[in-house]
Structure formats: C-alpha cells, structure tokens
Number of protein chains: 2
Amino acid sequence: MEKYSEILKKCPLFFKIENNNLIKMLTCFGAKIEAFDKKYTIFAEGSSAKYIGIVLSGSAQIIQIDYYGNRNILGTIEASQVFAEEFACTEASSLPISIVANEPCVVMLIDCQHILHTCTNNCEFHQQIIYNLMKDLALKSIDFHQKIDITSKRTTREKLLTYLIYRSKEEGTKSFDIPFNRQELADYLEVDRSGLSAEISKLRNERILESNKKHFVLL
Amino acid sequence: MEKYSEILKKCPLFFKIENNNLIKMLTCFGAKIEAFDKKYTIFAEGSSAKYIGIVLSGSAQIIQIDYYGNRNILGTIEASQVFAEEFACTEASSLPISIVANEPCVVMLIDCQHILHTCTNNCEFHQQIIYNLMKDLALKSIDFHQKIDITSKRTTREKLLTYLIYRSKEEGTKSFDIPFNRQELADYLEVDRSGLSAEISKLRNERILESNKKHFVLL
DNA sequence: ATAATTATGTTGAATTTTCAACAAAATGGA
DNA sequence: TCCATTTTGTTGAAAATTCAACATAATTAT
C-alpha cells in the first residue's frame, strides 16, 4: 500500500488526511488493491454497488451500452480519481454503468459502508472523509453538467466544438491532447464515428482546427 | 419560517435535524425566504453560485439555453428539494445553468459558506448537514445518469420511451403523469417539439401507449 | 520483418431530425 | 361569455445523422 502513497495523497477523498493516519484508516476500512488488464471490466453493469473505487495507476472509462449496442462513454477516470462513489453513497443495489480498464491499471476498492457508517472507534478522520466525499460528489455532478452541455447540442459539429473548447479551457491552451481515439470520442459525444471523422475533416478544410490522432489545435 | 416547517422537515438536507434545532440553525445560517412569480428566473446563468436553494412551495426547472436558442431542461425541482448545491459546494464562481420558477413559488436561500465552513460555535448539527449534503449530491449525480441514459438514445422514439419507462418505474404504475408539457418534454429529451408530437401520435397508432396531455399509459 | 488486426477516413443511400408554416384545440383573462 | 394567447398536432421540404461498405494507414503480435 505504501507504494501508492503519493497517488493516494492526491486523491480528493483523502484531502487533509495525513499519511500515517491514512494507512491506518485504509486498514480499518479493509481496503483492497487489485490489478486489471487493459479492456477488463472492473465493475459490470448490474453488479454490486457497494464499493468505491480509486484508480492508483492507469486509467478507466465509465461506460454504458444500450439495447442497440451503442456504447456511451460517460467519462474517464485517471490515476488518483474516484469512481462509482455516487452509487455506493446512495446504497444503490446495483450499478447502472460499467467501469472498464482503459489500459492496464491498479485500483483500490473500499466498501462504502465503512465510510458511511462511523465505526465504533469513531475515528477523528471520518468527518473529514465525509466532507471530502461531498466535495468530490459536487465535482462529479459538474462533470455531468459538462457532458450534458456537450451532448445536448443538435449537430455533430457543435458537439465536437463544444467538447474541444472545454478541453482547451481546461488545458489552458489551444493545442492539447484528448484521452479518446475516434471511436471513443464518438461514443463520448454520442454520435456516429464515420460522421465524426467526416466532420473533423470538414473543420480541418475550413481551417477551424488542426488535428493529428489525439492531438487537436483550435485555430 | 415556522410556516414551512413541515416542508423543511422533508428536505433531505435536514434529515435527522430536530425542528427546534433546525430553526436555530437556519437563523444562524442567515437563511432567507423569497417568493417568485411563475416564469421568474430565480438564478440566472452566470450569476453568483454561493447560494443553495430549497423549494418551499411550487416547483422550478433547471435550464440551460445554448447559442442557438435551444432550451435544455435538465430537471425539475419540487417542494422540499434542493437546487444549485453542486455549484455552491464547489465554490464555483458562477452558475452554468438557470433556475426558473415553473409556477409561483417560494424558496429558501442559504449562503453555502455557512454550511461548508463550520462556524466558531461548531454546532453539533453541522456534521449531520454535511452528511446529508453528501447523500443529496450522490442522488443528484444519479439523476444526471438517468438524464444521460435517456438523451443518449439516438432517436426521438427511443428517448421518449426510455423516459416514460423511467417515470413508470418511479411511479410504480403503467399509468402516470409527467411534469412537462410538450415543449418542455421536447426540451428535456433534447429533440424537436413537432417531431416529438408526431412520434407520440405514431406510438398511439401502434397501440404502444395512450396519452392525454400530461397523462401517459404504457401498454 | 511480416502478417494480422485495429483504427481512421471517405462515400452514397437510407433514415431521422429539424425547421417552418399552419390549423385546431385548449387555456386564461377581461 | 368572448377574445386573445398559448399549446398541440400535422405536414412537407431541407438538413443532418446513421449505416454499410470499403480503402488505406497505423499498430500489434509473432
């Protein structure tokens, strides 16, 4: 566990928790660490929602596949970020989404019951964790607002540009990388891949952007 | 304020807080109560995000209007429900959404700073509020998951049916009312109103559903 | 290095949505 | 009650998306 203490320190869930207390608490929580291969389904839709996950290395995607086989990518989770917390916190019976390893990754799993219900020892850090979880959930909601703002646009072009402008603002530069390949970007934007490729070509011809694989430049 | 104690008691933010303590705390928070006419913009996009709102009577809608004038309805807020908490909690500088009165309504506004930063008296109820806020935010995220699940469908028909099935499950019956008129439903589903009307007619002809204004029956 | 696989871009046809315009029905106010 | 306004449903044309199929480029595995 010590191996990941630098990453854990950056995890929003453990903000203001000192390292030695953190290790103690994680032991008390019965936190376990597991490794997954690329493309492995870490949590499957419909499975138990009791665990909160934290990505320790690699990255994962939040996905949903509908009746027709359309995959919807709801977001990506990078190292030190938390996932499935909204379901664990509401004590939902099962997950409506899946979490899939985007590359080989290591995650920490914590049974959320230990976080929601103060243990008999009543650790003094518990309140801080609840506070951190609240902050984290607020940010999660804002991420969804962003996703909705992007996908509510009526055309592929507008969805793409809205997404790229968000990314550009986050990176603070007109030149940046995105965490998706074409198919993944299409699934995040909720559009057809070939139509997206065509639209990117058009925007390139119109000198609105430059792009090379995952790299984009807004002109 | 006492006038609304029954509604406040139902507010998820005040779960497990006793009435006399609640009144005391709201005074300490400097909570204020305001009334708004139908269609009045309670919070405008771009305005300060420091307040958490609670609907005491009537109902409101969370909306976003894009560059082209398309209105996106992100959700409705009924009496005793909380709004704008995700922005207040992250101490966001301004709101990316507007809150509009759906009918004449009364709301309570609380400066979130009082909730986030424990006052010098360190009220014993403070921790409970943070916990409640965390639960509330988790549910809010799940609402957005639902909205995304609905609007990520590729056709008007699928969006509508996915929405109606969610409503039906929530109500526990195949026969139920929705909180939207046609234009509002179209704006929630992120589709064209006339296309939605046409689709409802088709579904009626195919004996898949019955509908009369805001009332629907899934067959 | 080579073969196999995967990812990307392109195209045209079919489907669906959006848009605009209008008529009928329902609602609200004087 | 009657008039004005708003809401709803219908239609056809224009625009956009999806789908399928294929060629080429890039990546991965042997």
Side-chain angles (χ1 to χ4, degrees), chain A residues 37-39 61 65-73 100 102-104 150-163 177-206 208-216, chain B residues 37-39 61 65-73 100 102-104 150-163 177-206 208-216:
Chain A
D37 291 335
K38 180 173 178 169
K39 293 196 180 173
Q61 292 180 334
I65 294 178
D66 74 15
Y67 183 79
Y68 300 96
N70 289 313
R71 174 178 69 169
N72 184 4
I73 297 181
V100 176
N102 199 28
E103 48 188 313
I150 291 163
T151 57
S152 68
K153 298 293 186 294
R154 300 301 165 87
T155 63
T156 298
R157 167 178 289 231
E158 276 305 306
K159 288 180 198 192
L160 173 62
L161 286 175
T162 305
Y163 171 72
D177 288 328
I178 64 171
F180 300 128
N181 64 27
R182 286 290 176 276
Q183 183 64 63
E184 290 169 336
L185 180 57
D187 291 345
Y188 180 84
L189 299 179
E190 300 167 8
V191 299
D192 180 69
R193 181 198 58 79
S194 69
L196 172 62
S197 273
E199 201 60 51
I200 290 173
S201 297
K202 269 197 211 167
L203 287 164
R204 229 182 338 227
N205 287 335
E206 295 173 33
I208 291 171
L209 56 76
E210 286 169 7
S211 79
N212 186 269
K213 294 171 202 168
K214 294 184 172 185
H215 189 76
F216 284 81
Chain B
D37 292 334
K38 180 173 177 167
K39 292 193 180 175
Q61 292 180 332
I65 293 178
D66 74 15
Y67 184 78
Y68 301 96
N70 289 313
R71 175 178 66 168
N72 184 4
I73 298 181
V100 177
N102 198 29
E103 47 188 316
I150 291 163
T151 57
S152 68
K153 297 291 185 293
R154 301 299 166 87
T155 63
T156 299
R157 166 179 288 232
E158 277 304 306
K159 289 180 197 191
L160 174 62
L161 286 174
T162 305
Y163 171 71
D177 288 328
I178 65 170
F180 300 128
N181 64 26
R182 287 289 176 277
Q183 182 64 63
E184 290 170 335
L185 180 56
D187 291 344
Y188 179 83
L189 299 179
E190 301 168 5
V191 299
D192 179 69
R193 181 198 58 78
S194 69
L196 172 62
S197 274
E199 201 59 50
I200 289 173
S201 297
K202 270 196 212 168
L203 287 165
R204 230 182 338 227
N205 287 335
E206 295 174 32
I208 292 171
L209 55 76
E210 285 170 5
S211 79
N212 185 268
K213 293 168 200 167
K214 295 182 173 186
H215 189 76
F216 284 80

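Letters A, B, ... mirror the listed sequences (proteins, then strands); counts begin at 1.
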Worksheet item: Taking for each residue the nucleotide of DNA chain D bearing the nearest heavy atom, is the 5' side occupied by B/Ser211 or by A/Ser194?
Response: B/Ser211
Fill in: Donor on one side chain, acceptor on other, B/Glu158 and A/Tyr68, under 3.5 Å
yes
Discussion item. Any carboxylate oxygen within less than 4.0 angstrom of a Lys/Arg side-chain nitrogen, looking at B/Asp177 and B/Lys214?
Written reply: no
Worksheet item: For A/Arg204 and A/Glu210, which heavy atoms make the closest approach, and how far apart are they?
Response: CG-CA, 4.3 Å
Item to complete: Let me know the distance between CG of B/Leu185 and P of D/dT7, rounded to the nearest Å.
Response: 14 Å
Worksheet item: Tell me: CG of A/Asn181 to P of C/dT6, nearest whole Å?
Response: 13 Å
Item to complete: Quickly work out the A/Lys214 NZ to D/dT27 C1' distance and round it to whole Å.
Response: 12 Å
Please tabulate the protein-to-nucleotide N/O contacts below 3.5 Å involving nucleotides 27-30 of chain C, giving atom names and distances.
from   : atom 1 : to       : atom 2 : distance (Å)
C/dT27 : OP1    : B/Lys213 : NZ     : 3.4

Response to the item:
From NZ of B/Lys159 across to P of C/dT16 the rounded distance in Å is 13 Å
Worksheet item: If every non-hydrogen atom of B/Phe180 is compared with every non-hydrogen atom of B/Leu185, which pair is closest and at what distance?
Response: CB-N, 3.5 Å
Worksheet item: For B/Ser201 and D/dT10, is the shortest distance between a side-chain N/O and OP1 or OP2 below 4.0 Å?
Response: yes
Worksheet item: Between B/Arg182 (CZ) and D/dT6 (C1'), how many Å, whole number?
Response: 14 Å
Worksheet entry | Any side-chain heavy-atom pair of B/Lys159 and B/Arg154 under 4.5 Å | no
Worksheet item: Within a strict 4.5 Å, meaning less than it, do heavy atoms of the B/Ser211 and B/Ile200 side chains meet?
Response: yes
Item to complete: Starting from the 5' end of DNA chain C, give me the residue, A/Arg154 or A/Glu184, whose nearest nucleotide shows up first.
Response: A/Glu184
Worksheet item: What is the distance from NE2 of B/His215 to P of D/dT8, rounded to the nearest Å?
Response: 16 Å
Item to complete: Specify the closest pair of heavy atoms between A/Thr151 and A/Leu189, including all atoms of both residues, with the distance to one decimal.
Response: CG2-O, 3.8 Å
Discussion item. Once you apply a heavy-atom cut-off of 4.0 Å, does A/Ser197 come out as touching a base, just sugar-phosphate, or nothing?
Written reply: base
Worksheet item: Taking the side chain of A/Arg204 as its heavy atoms from C-beta onward, which of C/dA20, C/dG9, D/dT18 lies nearest to it?
Response: C/dG9
Response to the item:
Between its two end axes (five pairs each) the helix from C/dA1-D/dT30 to C/dA30-D/dT1 turns, nearest 10 degrees, through 60°
Worksheet entry | Residues A/Glu199, A/Arg157: salt bridge by 4.0 Å N-O rule | yes
Item to complete: Figure out the CD/C1' separation between A/Gln183 and C/dT8, and round it to whole Å.
Response: 10 Å
Worksheet item: Does any N or O in the side chain of A/Asn212 come within less than 3.5 Å of the main-chain N or O of A/His215, such that one atom is a donor and the other an acceptor?
Response: no
Discussion item. Checking contacts here: which listed nucleotide (D/dT7, C/dT18, D/dT17) is nearest the side-chain heavy atoms of B/Val191?
Written reply: C/dT18
Worksheet item: Atom CD of B/Glu199 and atom P of C/dT15: how far apart are they, to the nearest Å?
Response: 15 Å
Item to complete: Answer yes or no: is there a donor N or O on one side and an acceptor on the other, between the side chain of B/Arg182 and the main chain of B/Arg193, under 3.5 Å?
Response: no
Discussion item. Starting the side chain at C-beta, find the nucleotide from D/dT10, D/dT17, C/dT8 nearest to A/Arg193.
Written reply: C/dT8
Discussion item. What's the closest nucleotide to the side chain of B/Asp192 if the choices are C/dT18, C/dT16, D/dG9?
Written reply: C/dT18
